[in-house]
Amino acid sequence: MTAMPLAHCDVLIVGAGRAGMAAAVAAAPSGASIVVIDDNPAPGGQIWRDGPGAALPPAARKWREALAHHANIRVCSGTRVVAAPSHDELLLEDAVRGWRMQWKKLILCTGARELLLPFPGWTLPGVTGAGGLQALIKAGLPVRGERIVVAGSGPLLLAAAATARAAGAKVVRIAEQASLAAVAGFAASLVRWPGKAVQALTLADAQYRTSSRIVSVQGDGRVESVRLRQGGRDMEIRCDRVACGFGLTPNTQLGQMLCCALASADTGAQALAVDAWQRTSLPGIYAAGECTGFGGSERALAQGTIAGHAAVGNERGARQHERERAHWNAFAAQLHRSFTLAPGLRQMPKPDTLVCRCEDVPLSALAGCSGWTDAKLHRRCGMGACQGRVCGDAAQFLFGWAPPAPRPPLSPARIATLAGLAAPLNDVDRQ
Amino acid sequence: MSVTTLLHIDGRPVRVKAGSSVAAALHVNGGMGVARTSVTGEPRAPFCGMGVCQECRVRVDGRRMLACQTVCAEGMQVETSA
């Protein structure tokens, strides 16, 4: 049997978004050996995603340079966590190899994913997440000349629309499910966060409608039109692409697999529970950013910085960022109050609408199921390649079913990597 | 570095901007960038764009990869319906 490399580091950070980058840079002056792993091709996370269609802001470049500047930080992009062979070790995989990484301190900065809810036609090619469309455009997806409808909830809709327009698309409608009163209340609250108010102004859009949601998407093999309900009125809009997102949900899978305690975030979604030092319930494991509850990039930076300082024992450094974190925690709470999802969205899927896209399980098949485990065992809902990351979130919103902690492998992995759980270890240098 | 990258999707040559993801290349190849066929035979294309939904999985040089998380490389062989 081929030996599996076993590497060592003092601080292992999972996720190279803002929280992960901030944690690494904060921990670096201690001299600790730091490894940052991330499944994207380059550091920056979803917001600072690089690519031929992206214009990286100077701040993103500054953080990336800071990572490169410290000789004791090593970034492994295109790398995923597969399993946790022991309490202080993770099994990792990139495009070509698998290896095990032993850590002394672990910082989870696993971010958030979009909440994607089922509606008739949501599996048609041309329907993407709203943040998903942004990510695809940044990575080079050409949308010039396309007619695009953006629908769902939250400020991300405006950001996605702006990215699409900058790439030459015609954004023909932005449908926000929240009411005008809720959105206006949010806008008024931005006086407490002036930077956000400026950002909101730059994103203002004449096609923005409140109390508006998707009914269905039509097309023969690809998107041709979308039916929207605005107030009590239905309308159909011809378009080439529909981008939908109903807010974000914390990526807690890795933390859950490690048995870190969860807490209810402001949205009601489950998030990793942390204390004032960003410590999880387990010794030596910290969490920062969206995996502790969705709250935006500034909050992620503050939390990441605190986690990085705390992980190397710099309590003074951590304390200096507490006010900043509190300021952005308040923003997160306001965001959640303003963009609460309307219960009516539970009526979007029809009996024949697929809920599980991997195993093609329609809504009607889930009627009568007693919970998530029952739906998995008897209807194969959540048994496909995404392992319930899409339909599990949808089922939680639709039926209130909470998925249990995931078991390894955490993501689809090669047999050769999984064999590393049993293979002899080849100790390699500290990284 | 060249400003474009030439790869093959199901044997067909496709030229994309350097640094593009395979998901973008699927779209450049034609239609809405269908990556796979679902268990009941429906065409599926990249959906979440960030490595969560697995709808964009393809084979790249014989390895199962997510098109949205993979950067195109010169001469890459991509097979859909993985």
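Chain letters run A, B, ... following the sequence lines, proteins first and then strands; every chain starts at 1.
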Rounded to the nearest 0.5 angstrom, the SG-CG distance for A/Cys381 and A/Leu366 is 5.0 Å
For B/Val14 and B/Val78: C-alpha separation, side-chain torsions, deciding distance, then whether side-chain contact (heavy atoms from CB on, under 4.5 Å) applies.
CA-CA 10 Å; B/Val14 179; B/Val78 177; over 6 Å; no
Please determine, among A/Pro125, A/Gly140, A/Gly129, A/Gly132, the option with the most heavy-atom pairs under 4.5 Å with chain B.
A/Pro125
A/Val223, A/Leu124, A/Leu116: which one forms the most heavy-atom pairs within less than 4.5 Å of chain B?
A/Leu116
Tell me which of these, A/Ile137, A/Val390, A/Leu141, has more heavy-atom pairs under 4.5 Å with chain B than the rest.
A/Leu141
If you count heavy-atom pairs under 4.5 Å between each of A/Gly131, A/Pro412, A/Ala135, A/Gly221 and chain B, which one has the most?
A/Pro412
Distance check, rounded to the nearest 0.5 Å: A/Phe397 atom CZ versus A/Leu117 atom CG?
5.5 Å
Value rounded to 0.5 Å, distance of CE in B/Met50 from CG in A/Leu136:
8.0 Å
Contact class of A/Val96 relative to chain B, heavy atoms under 4.5 angstrom:
both
Part of A/Ala95 within contact of chain B (heavy atom distance under 4.5 Å):
both
I need the minimum non-hydrogen distance between A/Gly382 and A/Cys356, along with the two atoms involved.
N-SG, 3.5 Å
Please flag which part of A/Leu354 lies under 4.5 Å from any non-hydrogen atom of chain B: side chain, backbone, both or neither.
side chain
Below 3.5 angstrom, are there any donor-acceptor pairs between chain B and chain A, and if so, which atoms and how far apart?
residue, atom, partner, partner atom, Å
B/Ser21, N, A/Ala139, O, 2.8
B/His27, NE2, A/Pro142, O, 3.3
B/His27, NE2, A/Glu146, OE2, 3.3
B/Arg36, NH2, A/Arg357, O, 3.3
B/Ser38, OG, A/Asp360, OD2, 2.5
B/Thr40, N, A/Asp360, OD2, 3.0
B/Thr40, OG1, A/Asp360, OD2, 2.4
B/Glu42, OE1, A/Thr123, OG1, 3.3
B/Arg44, NH1, A/Arg357, O, 2.6
B/Arg44, NH2, A/Asp360, OD1, 2.9
B/Phe47, O, A/Gly129, N, 2.9
B/Glu55, OE2, A/Arg357, NE, 2.7
B/Glu55, OE2, A/Arg357, NH2, 3.2
B/Arg63, NE, A/Ala95, O, 3.3
B/Gln69, NE2, A/Asp39, O, 3.3
B/Gln69, NE2, A/Asn40, OD1, 3.3

Under a 4.5 Å heavy-atom cut-off, does chain A meet the side chain of B/Met65, its backbone, both or neither?
side chain
Please classify the contact of B/Val16 with chain A as side chain, backbone, both or neither, using a heavy-atom distance under 4.5 Å.
neither
So which heavy atom on A/Val226 is nearest to which on A/Cys239, and how close?
CG1-SG, 3.9 Å
Whatever's closer than 4.5 Å to a heavy atom in chain A on B/Leu26 counts as neither
Out of B/Cys56, B/Pro43, B/Gly31, return the one with the most heavy atom pairs under 4.5 angstrom to chain A.
B/Pro43
With side chains defined as the heavy atoms from C-beta onward, is the minimum distance between A/Val361 and A/Cys391 less than 4.5 Å?
no
Select, from A/Gly126, A/Gly51, A/Pro142, the one with the greatest count of heavy-atom pairs under 4.5 Å involving chain B.
A/Pro142
Kindly compute the distance separating CG (A/Leu157) from CG (A/Leu133), expressed to the nearest 0.5 Å.
11.5 Å
Taking every non-hydrogen atom, the tightest pair across A/Ala243 and A/Ala130
CB-CA, 3.9 Å
If every non-hydrogen atom of A/Leu410 is compared with every non-hydrogen atom of A/Val81, which pair is closest and at what distance?
CB-O, 3.6 Å
What one should report as the nearest heavy-atom pair of A/Pro349 and A/Leu363 is O-CD2, 3.6 Å
Quick check: closest heavy atoms across A/Cys358 and A/Cys386, and the distance to 0.1 Å?
SG-N, 3.4 Å
